[in-house]
2 protein chains.
Amino acid sequence: MSVQERKERERADRERLIVATARELAEQQGWDAVTTRRLAERIEYSQPVLYSHFRGKREIIGAVALEGAAELAASLRAATGAERDPRGRVTALARAYLVFAARNPAVYDAIFQLDGGLAFARKDTPEPLQDAFAALLESLGEVSGDGVHPALFTEVFWASLHGLATLARSGRLPPGDAEARTELLVDRLAVL
Amino acid sequence: MSVQERKERERADRERLIVATARELAEQQGWDAVTTRRLAERIEYSQPVLYSHFRGKREIIGAVALEGAAELAASLRAATGAERDPRGRVTALARAYLVFAARNPAVYDAIFQLDGGLAFARKDTPEPLQDAFAALLESLGEVSGDGVHPALFTEVFWASLHGLATLARSGRLPPGDAEARTELLVDRLAVL
DNA sequence: CTCCGAACCCTAGCACCGCTAGACAAGCGA
DNA sequence: TCGCTTGTCTAGCGGTGCTAGGGTTCGGAG
């Protein structure tokens, strides 16, 4: 049995290597540069090996997305955990979200822009994605205001952050006023 | 001179045909299906003809984006023009924006998601893009609230709409509550 | 220790992509 | 009518995601 266990371990290691390499390559040179050939070369295996772990490029993007979603959730909780009042938590949450998007553009795209073959907003949604939404809900639910469903409020707040993040990064919003936009969004949306 | 004029007219006609065909194909089967080969086949010319009109695929996307931006601006103005009070105008604007995004997903992507080689938020931004932002500003500026710069408020409101539009269309937001989300956004962001 | 069989990986290739060089034909002006 | 410019097409480059099929390696039985 020991042999089989070793092989399974090696397989799992290699799978992690693929995902980490894809992520690294995507952050360095963009997702367009993540081709199966380049990826295979970087992990020092041939292309078909990738297909013994994933159905295709889409699934690799999905794997990066799940890893990234877990990190995003952790990052949001770390940022809000240090804050005492609801307002501080919401502001910290918004900033942390936008910082994550700006610092990990490729991962952010994998989660929220590209097609990684993942199900969203459903029962069979992968746990890391549900947990990332839960992390948002934890801080936003307390400022959703009377008569407004916390989940609905979280969706709207999240969508607004997503819009700011994506439009800013593609150069469609002027670069200077990012902080002012965040403040305005928090002031208007959150009921304190 | 008449001959040259005729040739120029035919060239312009063909260029319009390329843009219209690219748009049509993108709306029918998505931008991934808009390849230079397919596009050339549909306009009944060979591939190199495309490159005598546009530098490459990116510029074709840009051309569709400019055409779409003009339509979006017109659509927004048509929707707000019939409303008497500021609140009605803002609500109508938000609905019209989201309807445009939902009905013309490929064109919306060309404008706001894909790289069409266009400059945004700058002095040399193409006129249709500036005008689309102006159309937003016209209705949103009057509800930005005291002490808040209308352009900044417009950016935030627009980003929120963009987030709702893109997340909803990619299935990342539950499909049912679209109207409730729009109402919540307008209620909270606009100062009436 | 030998040898068989299975698991694994690689080479080679498919159809497609964006883009372009160079041959060729059509149609203008002289 | 003829030469030349203008315009278009054929063919091909290097790249893409993905896969069929052959070969090598290696574990385990005798």
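Just so you know, these numbers come straight off a predicted model, no measurement behind them. By convention in this document, chain letters (A, B, ...) are assigned in the order of the sequence lines, proteins followed by strands, and residues within each chain are numbered from 1.
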Which of C:dC17, D:dT19, C:dC19 is nearest the side chain of B:Y51? It is C:dC19
Is any side-chain N or O of B:T36 closer than 4.0 Å to OP1 or OP2 of C:dC19?
-> no
Give me the one residue out of B:V186, B:L189, B:L185 that meets side-chain contact (heavy atoms from CB on, under 4.5 Å) with B:L161.
-> B:L185
Between D:dG7 (P) and B:L50 (CG): distance, integer Å = 16 Å
With a non-hydrogen cut-off below 4.0 angstrom, is A:R14 in contact with a base, only sugar-phosphate, or nothing?
-> sugar-phosphate
Between A:Y45 and A:H53, do the side chains contain an N or O donor and an N or O acceptor separated by less than 3.5 Å?
-> no
Between A:E41 (CD) and D:dT16 (C1'), how many Å, whole number?
-> 15 Å
Could you tell me whether B:S46 contacts a base, only the sugar-phosphate backbone, or nothing, with contacts defined as non-hydrogen atoms closer than 4.0 Å?
-> base
For B:R11, report the nucleic acid contact type (base, sugar-phosphate, nothing); a contact means any heavy atom under 4.0 Å.
-> nothing
CZ of A:R37 versus C1' of C:dT11: gap in Å, rounded?
-> 12 Å
Electrostatic pair A:R77-A:D131, nearest N-O below 4.0 angstrom | yes
Cluster overlap A:V99 with A:I111, hydrophobic side-chain contacts below 4.5 Å | no
Regarding the side chain of B:P48, the nearest nucleotide among D:dA20, C:dC9, C:dA21 is C:dA21
Can you check the B:E15 CD to D:dG7 P distance for me, whole Å?
-> 14 Å
Whole Å only: how far is the NE2 atom of A:H53 from the C1' atom of C:dC9?
-> 11 Å
Base, sugar-phosphate, or nothing: which does B:R38 touch, judged by heavy atoms less than 4.0 Å apart?
-> sugar-phosphate
Give the rounded distance in Å between these two atoms: NZ of B:K57 and P of C:dG18.
-> 5 Å
Over all atoms of both residues, closest heavy-atom pair of A:P105 and A:E27 | CD-OE1, 3.3 Å
Whole-Å gap separating C1' (D:dC26) and CD (A:E10) | 12 Å
Taken to the nearest whole Å, CD/A:Q47 to C1'/D:dG15 is 11 Å
